[in-house]
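What you see is a predicted model; the values in this text were computed from it and never measured.
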Amino acid sequence: MSKEKFYMTTAIAYTSGKPHIGNTYEIVLADSIARFKRQMGYDVFFQTGTDEHGMKIEEKAKDAGITPKQFVDNVSTEIKRIWDLMNTSYDKFIRTTDVDHEKQVQKIFKKLYEKGDIYKGEYEGLYCTPCESFWTESQLVDGKCPDCGREVKPAKEEAYFLKLSKYADRLIEHINTHPEFIQPVSRKNEMMNNFLLPGLQDLCVSRTSFKWGIPVDFDDKHVVYVWLDALTNYITGIGYDCDGNNSDLFNKMWPADLHLIGKDIIRFHTIYWPIILMALDLPLPKQVFGHPWLLRGDGKMSKSKGNVIYADELVHFFGADAVRYFVLHEMPFENDGVITWELMIERMNSDLANVLGNLVNRTVSMSNKYFNGVVTNPGCAYPVDEDLINVVTTTRNRVIEKMDKLRVADAITEIFALFKRCNKYVDETEPWVLAKDETKKERLATVLYNLVEGISIGANLLEPFMPETSAKVLAQLNAQKRPMDSLDIFGMYKSGTKVVEKPEILFARLDAKETLEKIEAKLEQPKEEEKPAEEKPAKPARKPITRSTRAKKEAAPAEEKPAKEKPAKEKPVKEKLVQEKPAKEAAEPKKPARRGRRPKAQSNIAASFE
C-alpha cells in the first residue's frame, strides 16, 4: 500500500547575507511539520532554498569586487550551513541560479507571453533601489520609502506585465470555496478585503535597469523580475517542465500540500502565485500558511537597533535542540513571538533542565540505585497510576489534533504536560520512601516502570521538535523508537530492559548573570569591529531575508568573528542583553504602509511593481 504524499515548502531565503534567528525560525518550523508528517507515515518531500537574483545582489557584488554568481555562492553556502546547523531535514535545497530552474523560468515566461497573459508596457514612478519597488508620491513617508526609510528616485522603465485582473474572479471563487486555502483566517480576510475585492492591478514581471537576473530569451534587454522567478521554484524544484515533460516526482507531489511563509508575503503567495498557476493550467496548492514573526524584546530585529541575534550564536550557548524548542514553543499560532537572551536562559532552566532533564536523570538514577538499572513490571498497580497512564496514552491524539491545525507550540505544550505529569507522579509515589520498605519492592519496580514507559512515549512524541534530545532520552532508557500508531498504548517497554548505568545530563542549568556576561563578552568585540563599516553608508551590510521580506529590509551585521571571552561590566549587560519579560502575547508591530494602486502609465496600463 503506497503512502499518502505530503509536499511542503518554505519561502526561499534572499541571498543578501547571513540569516538571523527570525529568518531561521521558518525553516525550523517547517522541519518540525515535515518530521511529524513522516512520523505519521506520509511520504514527505520538503523543499527549501535560496533566491539569488536582483539589483541588490548586482550592487553588493560590485561593492565586494566579485561577480554576482560568486557573491550568491558565498551567501547561499552560509544559509545552507545555518539550516544544517539547526538539524533541518529538507529533501531539496533549490537555488534560483540552478540551470534547470533558469531554463524553465524562461519557458514559463514565453508561454504566458504567447498565451497573452504577459504583455509589454511602460511604468513611471518613484523607485526604491534597496526594496526594488515603485511607490506613488502619496505612499511615501517623509518623502522616503515607507518600508525601509531610504531615498527614492524618479524612474521610468519599459516592462512586461502579468494580467492579474483576468483571473481575479476565479481566484476569489477558489478562496471562498476552499476555506483552508489561506491560514490563519485573519490572513485570508486581509487578502480579500484589502486586495482582491477592491480590484487587482497587473504585475510587473520584467526589468531593464539591471542585468543580474534570468534573461527574457525573446527580448534580451529584459530580465525576469522577482516573483515569476522566485515563486516558480516550487514547481521547477520537483521537475515541472513547461513543455509537458514533467518528472515523476512532480506528477506525484504537485499540488503542494503546504507553502509555509512569513505573514509579510502572504499576498504574493495567495494572489500572484495562484494566478501564475492558473495561467499555466496547474492546480493550486492546498494551503498557504502565513506564520507570525519572531521579535526581540524591544521590537523587530534590525542592525540599527543593535538587536539582531543569529542562530549560531544561540546554538553556541544553548545547543541546537534548545534553540529549536524555544523558537517553536514561544511562537503563538497567529501573533508574533518574542526572543531575548534572558528569556532563553529562563526556558533553558525551567522547561528543559528542570522539567525534562531532571525527570530523565532521576528516573535513570533511581533505576540503577534500587534495581541495578533493570526495569521490570511486576504489575503492582495502585489507583494513583491510572491518571498518569491516562495522561500518557491520550497525549498522542492531542498532539495530532494540534499539528493537524499547525499549532506547533500547542503540540509541544501537550508533550511537556506529559513530562510534568511524570514529575508529579514521582512526588505522589515517593520511590525513595518505597525503597526503605522491602515489602514494597514490587510496588517500587512498578512505579519506575511506569515512569520509564511514560518518558519513552513522551520522547517519541518529541522527535519532530527536538530530534537529538528524543534520541538521547530513548538511548538512556534503552527504549525503542516506536511508530505513531502505538504511542497511545501503555506497557510496550520490554520488562527486564536495562537502562544506562550513568545518566547523561541533557540540559545543564545556567547561572543567568554568568551566562549573560559570557554572551556580552562574545558579542562585544564584533560590534567594535563593525564600527568602521558603519561609517560607510554607501555599503551597508544587510540581513538576508526571504524574497518575501525584501520589501521590509533593515541592515544587519556582517558575519561576526568570535571574541575572546572576557568579563563584561555589569551595566552594559543589563542595558544590552536583559530585556523586560514579554507579555503572554506580543503586540502586533506597527504595519508598514501598504502598497496601494500605482499610477497609470502613459499607455493607460495599470501596473504594479512589487
Side-chain angles (χ1 to χ4, degrees), residues 20-22 24-25 28-29 32 86 292-301 305-333 335-362 408-424 458 462 465-466 468-469 472-473 505-523 565 568 570-587:
H20 61 58
I21 189 60
T24 309
Y25 161 68
V28 175
L29 178 63
S32 70
M86 295 309 300
W293 291 335
L294 183 62
L295 308 174
R296 278 301 299 268
D298 52 354
K300 193 175 180 182
M301 292 186 203
K305 291 182 179 179
N307 66 355
V308 172
I309 299 178
Y310 294 109
D312 51 358
E313 293 171 349
L314 289 163
V315 171
H316 173 80
F317 288 103
F318 306 109
D321 264 16
V323 178
R324 286 176 63 104
Y325 172 80
F326 185 93
V327 299
L328 294 173
H329 183 259
E330 295 301 308
M331 288 292 283
F333 176 71
N335 298 316
D336 295 330
V338 174
I339 184 170
T340 67
W341 290 104
E342 183 190 43
L343 190 56
M344 185 77 205
I345 294 168
E346 182 181 319
R347 290 291 181 267
M348 180 80 166
N349 288 339
S350 63
D351 296 0
L352 300 182
N354 190 35
V355 173
L356 177 56
N358 187 49
L359 172 65
V360 175
N361 186 285
R362 61 179 176 168
V408 176
D410 294 340
I412 296 175
T413 296
E414 294 290 350
I415 297 168
F416 271 74
L418 182 158
F419 293 137
K420 289 176 182 178
R421 186 63 188 85
C422 288
N423 276 314
K424 182 181 178 183
L462 191 62
F465 316 103
M466 302 174 67
E468 291 180 356
T469 300
K472 286 179 181 179
V473 172
I505 301 298
L506 295 173
F507 300 99
R509 288 187 61 84
L510 301 174
D511 179 273
K513 181 175 179 294
E514 179 183 332
T515 303
L516 290 172
E517 289 176 347
K518 289 180 179 180
I519 293 167
E520 174 68 10
K522 181 174 176 59
L523 301 183
E565 188 175 298
E570 199 68 28
K571 187 174 181 180
V573 169
K574 291 181 180 178
E575 290 178 350
K576 298 178 182 179
L577 299 175
V578 180
Q579 309 290 341
E580 293 182 0
K581 292 181 180 179
K584 291 184 178 179
E585 287 190 355

Could you check whether Glu468 pairs with Lys472 (Lys NZ or Arg NE/NH1/NH2 to Asp/Glu carboxylate O, under 4.0 Å)?
no
Salt bridge Arg347-Glu330, side-chain N to carboxylate O under 4.0 Å:
yes
Rounded to the nearest 0.5 Å, how far does [atom2] of [Y] lie from [atom1] of [X]?
| X | Y | atom1 | atom2 | value |
| --- | --- | --- | --- | --- |
| Arg324 | Ile412 | CZ | CD1 | 9.0 Å |
| Thr469 | Leu352 | OG1 | CG | 7.5 Å |
| Asp511 | Lys518 | CG | NZ | 9.0 Å |
| Phe419 | Leu356 | CZ | CG | 5.0 Å |
| Ile21 | Asp312 | CD1 | CG | 9.5 Å |
| Glu346 | Thr340 | CD | OG1 | 8.0 Å |

Could you walk me through whether Ile309 and His20 pass the side-chain contact (heavy atoms from CB on, under 4.5 Å) check?
CA-CA 6 Å; Ile309 299 178; His20 61 58; over 6 Å; no
Which atoms form the tightest heavy-atom contact between [X] and [Y], and what is the distance?
| X | Y | value |
| --- | --- | --- |
| Leu328 | Leu29 | CD2-CA, 3.6 Å |
| Phe507 | Ala322 | CE2-CB, 4.2 Å |
| Asp336 | Pro292 | OD1-CB, 3.4 Å |
| Ser350 | Asn354 | O-CB, 3.2 Å |
| Thr24 | Met86 | CG2-CG, 3.6 Å |
| Leu510 | Met348 | CD1-CG, 3.9 Å |

Run the side-chain contact (heavy atoms from CB on, under 4.5 Å) check on Leu295 and Ile339 step by step: do they pass?
CA-CA 6 Å; Leu295 308 174; Ile339 184 170; over 6 Å; no
Are side-chain heavy atoms of [X] and [Y] found at a separation under 4.5 Å?
| X | Y | result |
| --- | --- | --- |
| Leu343 | Phe326 | yes |
| Val327 | Leu314 | no |
| Lys513 | Glu517 | yes |
| Phe416 | Tyr325 | yes |
| Phe318 | Glu313 | no |
| Phe465 | Asp321 | no |

Between Met344 and Val323, is the side-chain contact (heavy atoms from CB on, under 4.5 Å) condition met? List the steps.
CA-CA 8 Å; Met344 185 77 205; Val323 178; 4.2 Å; yes
Would you please name every residue forming a ring-ring contact (aromatic ring centres under 6.0 Å, His included) with Tyr25, sequence neighbours left out?
His291
Any donor and acceptor pair, going by atom type alone, linking the side chain of Asn423 with main-chain N or O of Val355 inside 3.5 Å?
yes
Can you confirm whether the side chains of Asn358 and Arg509 place a donor and an acceptor under 3.5 Å from each other?
no
Going through the checks in order, is the side-chain contact (heavy atoms from CB on, under 4.5 Å) test met by Leu462 and Val473?
CA-CA 10 Å; Leu462 191 62; Val473 172; 5.8 Å; no
If you look only at pairs with a residue in residues 349-360, which of them pass as a salt bridge (charged side-chain N to carboxylate O under 4.0 Å, His left out), with sequence neighbours excluded?
none
